[in-house]
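Computed from a predicted model, the values in this text were never measured in an experiment.
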Amino acid sequence: MSAPGAAPPGWYPDPDGAPGMVRWWNGIGWSDVATPAGPGVTTGTGEQTLRPPRPVWQPAGPAATRSRVPWVVGAVVAAVVVLVVGVVLGTSGGRTGDPGPTGVAGPTATGPTFAPGTVQIVDNQAGIAYPFLGDGWYQYVLSPPLETTSVAGQYFVTQDTVPDGGEFIAQITSGPVAEGYGWTGPGSAQATVDTLTESVRANYYPGPNEAEVLRDEAVTVDGAPGWIREFVLSWDNPGYDATGERAALLVVDTGRSAPALLYLSIPNTHAELYGVIDRVVEAVDVL
């Protein structure tokens, strides 16, 4: 049970005051990341005395050196990829929160931050753009996954060390699909998603794992044909904080030689962020 007078768990306006952003309060402390307010996110209001206190944010330190890093978990670091960021009107908000009474610490840096004013990530290699989710999400500078020839996007670490020696992360990343994953041109998006799904399950998740498909269907993305598979994976392996995650693979025929892959994954340790998957998918632009 929660202490008398404590604010109930829920989404609340970002305590840093970032416009349009909300942050999850679990009844004790704030989530690592903020997310845009929108459909599927009911913001708690309540009486002022019951609202969660503003946290004391600790200065973000330098990104840790990693000897092995996953795309979802377990991939080997091979190179640092520079992300081309699209800057359009708007702000992402910096960390300047005033000290509060609780002493709750905020997230520490897990990668380079985006330029001030960034509201969209532009992946020129893949030919798509999609929303930057703001405070707490970091520029993806880990190694490209096996399934794409380059990588762009955003992520944060949800578990520093897992049994295979890597990290576990939440991510929204993109890139052109590599050869050998079923793409033969227009009309082959479903076959490509089938192959990509089996590849990511085998390469980046603890096994054995089970998948519950939430949707598997053709979609139109900014006027371009595509295919999406959204699913929940579950596993029971010691040493992992997460016992599953919600993920989606979106393949978009951008008219280029290789389709774009948008990969989205949120471990169930951060289930309050599941809603960002559908919201990002719905906002994808084709360049």
Side-chain angles (χ1 to χ4, degrees), residues 9 23-35 58 60-81 104-112 133 136-148 151 153-173 175 195-214 229-249 261 263-277:
R23 191 178 293 271
W24 183 261
W25 171 260
N26 65 9
I28 299 174
W30 294 97
S31 65
D32 292 340
V33 296
T35 190
Q58 302 299 324
T65 301
R66 299 176 178 85
S67 60
R68 198 156 74 130
V69 184
W71 189 41
V72 172
V73 59
V76 177
V77 175
V80 172
V81 179
V104 179
T108 56
T110 55
L133 293 175
W137 290 85
Y138 295 90
Q139 180 178 335
Y140 191 95
V141 290
L142 311 181
S143 76
L146 300 173
E147 293 78 11
T148 60
V151 64
Q154 55 198 319
Y155 84 114
F156 65 92
V157 175
T158 64
Q159 184 178 348
D160 290 333
T161 305
V162 291
D164 73 351
E167 298 167 330
F168 213 87
I169 63 175
Q171 71 179 78
I172 298 175
T173 55
T195 307
L196 290 169
T197 301
E198 293 310 308
S199 180
V200 300
R201 287 183 62 185
N203 287 314
Y204 311 121
Y205 293 95
N209 56 68
E210 297 182 358
E212 176 189 356
V213 176
L214 303 178
R229 177 169 298 153
E230 189 171 355
F231 52 94
V232 174
L233 285 180
S234 59
W235 56 81
D236 183 15
N237 296 66
Y240 289 88
D241 293 345
T243 57
E245 81 171 26
R246 184 166 174 175
L249 297 174
L261 170 64
Y263 182 77
L264 312 97
S265 68
I266 305 291
N268 61 10
T269 51
H270 291 70
E272 70 276 5
L273 297 176
Y274 282 173
V276 304
I277 292 178

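Tyr205 and Phe168 have perpendicular rings, their planes meeting at more than 60° on a 0 to 90° scale where under 30° would count as parallel.
Contact detail for Leu133 and Gln154: the closest heavy-atom pair is N-OE1, 2.9 Å. In plain terms, the two heavy atoms of Val151 and Pro144 that are nearest each other are CG1-CA, 3.7 Å. Heavy-atom minimum distance, Gln159 versus Gly239: NE2-O, 2.8 Å. Taking both residues in full, the closest heavy atoms of Asp160 and Glu167 are given as O-CG, 3.0 Å, listed atom of the first, atom of the second, then distance. Contact detail for Thr158 and Ile169: the closest heavy-atom pair is OG1-N, 3.9 Å.
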Working for side chain to side chain contact (heavy atoms under 4.5 Å, CB included), residues Asp236 and Thr243: CA-CA 6 Å; Asp236 183 15; Thr243 57; 5.8 Å; no
Derivation of the side chain to side chain contact (heavy atoms under 4.5 Å, CB included) call for Leu146 and Tyr204: CA-CA 10 Å; Leu146 300 173; Tyr204 311 121; 3.6 Å; yes
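Counting only heavy atoms from C-beta outward, the side chains of Pro163 and Asn237 never approach each other to under 4.5 Å. Inter-residue side-chain proximity for Tyr240 and Pro267 is flagged as unmet; no heavy-atom pair is nearer than 4.5 Å. A 4.5 Å side-chain heavy-atom check between Glu147 and Thr195 finds every atom pair outside the cut-off. At least one side-chain heavy atom of Tyr155 sits under 4.5 Å from a side-chain heavy atom of Leu142.
We find the CG-CZ distance between Leu214 and Phe231 to be 9.0 Å, quoted to the nearest 0.5 Å. Between the CD1 atom of Ile277 and the CG atom of Leu264 there is a distance of 6.0 Å, given to the nearest 0.5 Å. One distance of note links CG of Leu261 with CG of Leu249; it measures 6.0 Å at 0.5 Å rounding.
Judged by distance alone, the side chain of Asn209 and the main-chain N or O of Pro206 form a donor-acceptor pair under 3.5 Å.
For the ring pair (Phe, Tyr, Trp, His ring centres under 6.0 Å) test with His270, the passing option among Trp137, Phe156, Trp24 is Phe156; the others fail.
A donor atom on one side chain and an acceptor atom on the other are not found under 3.5 Å apart for Arg246 and Asn268. In this model, no donor atom of one side chain and acceptor atom of the other lie less than 3.5 Å apart for Glu245 and Tyr274.
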